[in-house]
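Scroll down for the structure; my scribbles are underneath it.
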Amino acid sequence: MKGKWATFIPTFVALMLRLYPYLYTREPFTTISWDNLYLSNMLLSGKVPLSSLLIIHPTLGSEFFSAIFSKVTSIYPISFEPLIIPAVGSISVLIIYLMVRDFGVKVAFLSSTFLALFFGEALIDASVKNGVYGEPLFLLAIWLMMRRKSGLKEYFLLFLISLSLIPVYFYFTGFLFLIALFFTLYDRDWKKFISVSLPLLILFPHLSTIIRPIYLLALGVYIAFYFLTIFLLKFYVKGYVISGLIVVLVILSLFVKLPYATVFPLYFLPFAVPYIVGFYYVNEKKLTYVNLFLSSLLVLLLFSVLIKTSLSFYIAYRVMDYISIPLAMLFGLGGVRTKLIPFILLILAISNFFAIFATVNLQLPYTGGTTEVYTQPEFFAVSFISCNNVLAEVSTCVKFQFLFQYFGQSVDRYSAYYYLIGKAPPPTLFLLTPSLSQGYVLNYNENLPNPVPANYEEKLNNVSLIFNDGAVQLYMV
């Protein structure tokens with residue numbers, strides 16, 4: 001395959017998959033998109049001081065861009081952000097191609113195709129949020145840093161720009177990069193690491209609150225790196241063993257409730273295919289930053305388990321997304337020698353297409369579709385209610401909380417749920433949807449729905465239905 005087609009095909013596939021949720025629904029994808037669109041409107045209107053917005057949301061990179069673009073073109077952010085931001089997210093696939101291109105065009109094609117198809121990556125990049133900008137910047141900075149002996153001198157300015165913009169767009173990628181920077185800057189030399197970082201803590205104690213957590217996490221990554229190396233080399237742990245363990249874990253999750261999870265339905269099996277295939281090639285060791293990525297993510301995952309807060313689910317969810325980067329590299333390096341690679345690519349394509357279809361089109365339970373997918377009837381209904389409601393704040397689930405807040409409407413997430421389960425009186429106004437039988441999502445960082453009683457409709461006999469367009473129902477006491 002020629003280089004230009006090996007570059008174009010994965011990038012085009014990535015672009016189409018990331019745009020698909022918006023093209024299908026004609027509304028921004030995911031709850032957090034409405035928060036970013038709201039902040040863009042606030043910047044554009046100038047009604048709220050910038051200092052106040054920075055306190056609420058310190059990473060305003062995409063909002064600044066959207067406000068400036070909207071001012072120049074006179075186009076509202078909601079009309080262009082759902083198209084531009086997912087398109088920017090597809091650049092990550094191109095950077096992965098560049099990262100492994102030295103090993104051949106076929107390796108680069110397989111790696112970038114794996115990342116382009118990966119459903120988690122595609123759905124997260126389909127949203128309107130800062131992290132979509134942050135990931136390509138993160139990958140670009142890592143690539144330039146790892147090529148410092150040859151490319152960094154030539155592209156030093158580009159490296160500085162990408163490095164400085166990372167925390168502006170997304171703190172998670174900035175956090176990951178700081179760990180990686182500490183880890184690689186001294187060529188994984190333990191003595192250099194301590195001799196440089198420890199004096200910083202002694203000479204600048206006022207910086208300890210910033211440096212200490214980075215130091216400890218970098219130390220964890222350092223240990224994790226060598227643990228992974230010893231685990232994979234000394235004990236000769238094969239990739240098919242890890243893939244087999246994932247298969248066992250997935251099958252168990254169909255029958256047993258695991259920590260931070262639920263008992264998943266049978267249609268979740270295709271969701272595990274990319275992880276099973278990716279970890280099969282974990283023994284490929286030609287790229288240093290594969291183990292670097294895996295080590296950093298392993299430490300962050302351990303951190304999310306130890307802190308035991310609502311943030312744990314969010315960090316674990318992000319790790320499940322970012323692990324697609326090293327898995328893509330491993331797949332390219334190992335898959336190039338696999339005779340059945342066309343068949344494996346077909347399986348990957350079918351499983352990832354199904355995962356996206358199940359989330360966006362079918363909105364099956366536990367896929368996130370009932371929470372993250374917005375339709376035009378829902379948008380128009382919330383717009384109408386917000387424009388005509390002067391009575392009280394609306395109580396509803398986290399999905400519609402973000403949409404109501406986009407229109408400037410005050411929202412209470414809990415009262416309606418507690419009323420439905422019999423623990424509180426009915427709120428003045430509350431909004432429900434036909435998908436309520438699948439559960440009620442209270443928190444953004446805990447995306448698993450809370451169960452509602454099977455006879456919850458009996459509670460609705462005591463209140464008045466004042467609005468129903470088929471997409472939402474608004475009740476009033």
Side-chain angles (χ1 to χ4, degrees), residues 21 25-39 41 78 82 127-128 310 359-360 362-477:
T25 64
R26 304 304 298 174
E27 295 295 341
F29 180 70
T30 78
T31 53
I32 199 65
S33 296
W34 298 103
D35 186 43
N36 286 315
L37 288 166
Y38 172 76
L39 291 171
N41 289 340
I78 195 173
S127 59
V128 179
S310 61
T359 303
V360 178
L362 303 180
Q363 298 181 36
L364 295 177
Y366 305 115
T367 62
T370 54
T371 307
E372 308 292 354
V373 177
Y374 292 83
T375 64
Q376 288 194 324
E378 291 172 343
F379 177 83
F380 292 129
V382 172
S383 174
F384 175 80
I385 293 169
S386 299
C387 292
N388 293 277
N389 176 31
V390 292
L391 297 173
E393 66 179 10
V394 179
S395 183
T396 187
C397 65
V398 71
K399 172 181 177 177
F400 288 95
Q401 172 203 355
F402 282 87
L403 188 51
F404 271 112
Q405 288 176 348
Y406 172 76
F407 291 104
Q409 173 74 54
S410 178
V411 176
D412 164 31
R413 295 198 307 269
Y414 300 96
S415 297
Y417 176 69
Y418 289 142
Y419 171 65
L420 292 174
I421 63 175
K423 292 186 177 181
T428 304
L429 282 174
F430 63 98
L431 182 139
L432 303 177
T433 68
S435 62
L436 184 63
S437 59
Q438 298 180 11
Y440 189 106
V441 181
L442 286 170
N443 297 305
Y444 174 69
N445 290 333
E446 297 175 353
N447 208 12
L448 292 176
N450 295 274
V452 294
N455 61 342
Y456 74 90
E457 292 183 352
E458 294 178 6
K459 291 280 184 179
L460 303 180
N461 296 328
N462 304 322
V463 292
S464 301
L465 177 64
I466 62 173
F467 180 88
N468 183 7
D469 69 343
V472 301
Q473 295 86 40
L474 183 68
Y475 293 89
M476 179 179 176
V477 176

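- Contact annotation: the side chain of Leu37 approaches that of Pro28 to within less than 4.5 Å [non-hydrogen atoms, C-beta and beyond].
- Heavy-atom minimum distance, Ser395 versus Ala416: OG-N, 2.8 Å.
- Checking Gln401 against Arg413 by side-chain atom types alone, a donor-acceptor pair falls below 3.5 Å.
- Once rounded to the nearest 0.5 Å, the distance linking CZ of Phe404 with OG of Ser386 reads 5.0 Å.
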Carefully, step by step, assess Glu378 and Phe400 under the rule side chain to side chain contact (heavy atoms under 4.5 Å, CB included). CA-CA 9 Å; Glu378 291 172 343; Phe400 288 95; 3.9 Å; yes
Mind running side chain to side chain contact (heavy atoms under 4.5 Å, CB included) on Lys459 and Tyr419 for me, showing each step along the way? CA-CA 8 Å; Lys459 291 280 184 179; Tyr419 171 65; 3.9 Å; yes
In sequence, state the C-alpha distance, the side-chain angles, and the governing distance for Glu372 and Phe29, and then conclude on side chain to side chain contact (heavy atoms under 4.5 Å, CB included). CA-CA 6 Å; Glu372 308 292 354; Phe29 180 70; 4.0 Å; yes
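- In this structure, CG on Leu403 lies 8.5 Å from OG on Ser383, to the nearest 0.5 angstrom.
- Rounding to the nearest 0.5 Å gives a distance of 12.5 Å between SG of Cys397 and OH of Tyr414.
- In this structure, Phe384 has its ring center closer than 6.0 angstrom to the ring center of Phe467.
- Side-chain contact between Pro453 and Glu458 is absent, with no heavy-atom pair separated by less than 4.5 Å.
- To the nearest 0.5 Å, the span separating OG1 on Thr25 from CD on Glu27 amounts to 6.0 Å.
- Between Gln409 and Val394 there is a side-chain heavy-atom pair separated by less than 4.5 Å.
- With hydrogens and angles ignored, the 3.5 Å screen pairs a side-chain donor or acceptor of Asn36 with a backbone N or O of Val128.
- Between the side chains of Asp412 and Ser415, at least one donor N or O lies within less than 3.5 Å of an accepting N or O.
- Taking OG1 from Thr428 and CD from Glu393, the interatomic distance works out to 8.5 Å, rounded to the nearest 0.5 Å.
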Trace of the side chain to side chain contact (heavy atoms under 4.5 Å, CB included) decision for Thr371 with Val398: CA-CA 8 Å; Thr371 307; Val398 71; 4.2 Å; yes
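- For Phe407 and Phe379, the gap between ring centers is short of 6.0 Å.
- Annotation: the span from Ile466 atom CD1 to Leu429 atom CG amounts to 5.5 Å, rounded to 0.5 Å.
- When atom types are taken as modelled, the side chain of Lys423 and the backbone of Tyr417 share no donor-acceptor pair closer than 3.5 angstrom.
- Contact of the Thr396 side chain with the Phe430 side chain is not registered, since no non-hydrogen atoms from C-beta on lie closer than 4.5 Å.
- Each of Leu420, Leu474, Val472 was compared with Leu432 under the side chain to side chain contact (heavy atoms under 4.5 Å, CB included) criterion, and only Leu420 meets it.
- In this structure, Trp34 has its ring center under 6.0 Å from that of Tyr406.
- Counting only heavy atoms from C-beta outward, the side chains of Tyr374 and Thr31 approach each other to under 4.5 Å.
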